[in-house]
Amino acid sequence: MASSWLAQAVAVVLLLGSLPVPAAATDMLQSGFLYDWGFYGLWPRTWFQSSDLAGPRLNFLAWDEACAEGFYLFSPRGSYVSHSSPVILDARGNLVWTTSDRFGDAQDTTDFKIQNYHGQPHITFWAGNNGASHRYGMGSYYMLDETYQVVKVVEAVETRGHNLRGDIHEFHITPQDTALMTIYYPQPANLSAVGGPSNGWVLDSIFQEVDLDTGDLLFEWRASEHIPVSDSMRSYVGSDLGGSPTAGFDYFHINSVDKDHLGNYIISARHSHQIVCISPQGETLWILGGKSNMFQDLSDGRATDFTWQHHARWHGNNTLSMFDNAKTNTGGRKYAEDHSRGLVLTLDTQALTAAVLHDYYDPQHPKQAESQGSMQMTDLGSNVLVDYGFYPAVTEFSKEGNVLCDVRLAPWLIWKTGMVTSYRGFKTSRWIGRPWYNPVTSLTPSDGVIYVSWNGATEVASWVLQGSDWSGISDGVWQDLDVQAKDGFEASFDLTDDMPQYLRVAAVDKDGALLKASQVVDRFLCRLELMT
Ligand SMILES: *[C@@H]1O[C@H](CO)[C@@H](O)[C@H](O)[C@H]1NC(C)=O
Ligand SMILES: *[C@@H]1O[C@H](CO)[C@@H](O)[C@H](O)[C@H]1NC(C)=O
């Protein structure tokens, strides 16, 4: 019964293709059911006239004015996402910026966020390949400035003759303009403690700290030298892992690196359910969670029973946050709840006690993400953003834990398929985009409409359609024909017969200053590459 119903639903989806989707967030609330059943496609996106770019169409199941500020940062990926790329959306889901660049032929991008370098916000992300043959990310970390030009490509540093490549999980810039990055590499290991061969292999978890200005390696740490294989929560027996360099046992699985004000490193390891603190000299200072947990749990076990967790961040004041996947059935210890959660802990690292300060989950729509995910204390008020990783969805909470906005990047129908996932998702108020290129227009004379967009520009308050009877004129003598407040990625103007032959669209900021104008188009000949 259920499967024939599902088959019918899929058939209807295929027949109808994609319905037009309401654009504004408030309309999206009403389309929630159709969206979730795939009626707008399995990977719903918004397409434009003036650009070949497309942005994900979000579905808001809950909406509150308290999350109306800031930008979403995603890099959707998965088996159905043919071109994974970083995407900025505004708080209502309108596309702000994305790119069709391949960044060195990368098939995958992750960990897109805004980070300061030399005091200036930069776009940063990982791009590379996360192939089935090697089971880990091999790529580079890209840094773009506010004009959207690549200003740096950061690579892992080769050590011990090992050709190390940057992995998907982390690229974190410290206040000292150093970068912390994760790396995976096969390493011979004695696996007898977990039932494997004594001459087996692990997939080692490495992190490096490099000086961003010089590229010099400042610190390197390898899990295989500090954490025993027996700490793993991933079952070895019955799997085909560990027998060869290309199938090393991924016993630790590092997925985040942070640094506290004393210079200690705080890392998260998914497969051992551990947060490990490492001194600048490389000593293990403490371990929270997992088999070698050193902390007394002051919250009835709920501070230390996180499993398969991601994105551990240190916030000063002995506060640690993470995304607790809380997945039960893959060899870890039993966790009582049926949902992933954003978790904030208070640690006393002298007395070695841990207590839950907050945990964030949506009781009405509990989600249990088996992999990936992030938990961010945003720079927007005290809101918290939880990204469910394998499930392409984010929830924005008030600090107290009330659900403000519940947002989906792809229909619920495909959540368990991995077709569209979101390794991490962030929100920021700190981005100003000033593209080096001009706004673009599209004009088909027979339509009598001109479309305009300017990928990545965040300071445009209004669009001004301007005209002239002569193509060679300077900026000063364009005649304003029409004006529109910017609302969304693209705008359009209807043309009338009395308008001049040459047209352009100017982008104007909130003070009325011209930012940049599109190229001039001849409304009879369409686009002309004119000297202006
Ligand atoms: C492998 O480790 C086991 C203990 O887990 C030990 O008894 C054995 O001697 C080790 N083998 C080698 C070759 O080091
Ligand atoms: C640390 O806690 C104190 C007391 O609660 C608070 O005043 C201060 O702002 C906190 N500092 C940070 C960095 O959170």
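Just so you know, ligand 1 is whichever comes first in the structure, and atom 1 is the first atom listed for that ligand.
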Under the ring pair (Phe, Tyr, Trp, His ring centres under 6.0 Å) test, residues paired with F207 that sit two or more places apart =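 Partners of F207 by the ring pair (Phe, Tyr, Trp, His ring centres under 6.0 Å) criterion, ordered by chain and then number, come out as F219, W221, Y265.
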task = Check whether the side chains of T353 and D348 place a donor and an acceptor atom closer than 3.5 Å, and report yes or no.
result =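 The criterion, which ignores hydrogens and geometry beyond distance, is not satisfied for D348 and T353.
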query = Short question: side chain of D64, backbone of L404 - any donor-acceptor pair under 3.5 Å?
reply =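 No; zero donor-acceptor contacts below 3.5 Å.
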inquiry  = Quick check: closest heavy atoms across K113 and E170, and the distance to 0.1 Å?
reply    =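 The answer is NZ-OE1, 3.1 Å.
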Measure and list all N/O to N/O distances between ligand 1 and the protein that fall under 3.5 angstrom.
{"from": "ligand 1", "atom 1": "2 (O)", "to": "N190", "atom 2": "OD1", "distance (Å)": "3.4"}
{"from": "ligand 1", "atom 1": "2 (O)", "to": "N190", "atom 2": "ND2", "distance (Å)": "2.4"}
{"from": "ligand 1", "atom 1": "2 (O)", "to": "S192", "atom 2": "OG", "distance (Å)": "3.0"}
{"from": "ligand 1", "atom 1": "11 (N)", "to": "N190", "atom 2": "ND2", "distance (Å)": "2.9"}
{"from": "ligand 1", "atom 1": "14 (O)", "to": "N190", "atom 2": "ND2", "distance (Å)": "3.3"}

message = For F397 and Y360, take the angle between the two ring planes, folded into 0 to 90°, and tell me which bin it lands in: parallel under 30, tilted 30 to 60, perpendicular over 60.
response =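 The arrangement is tilted - the two ring planes meet at 30° to 60°.
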query = How many angstroms lie between atom CD of Q274 and atom OG1 of T284, to the nearest 0.5 angstrom?
reply =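 Spacing of CD (Q274) from OG1 (T284) equals 9.5 Å.
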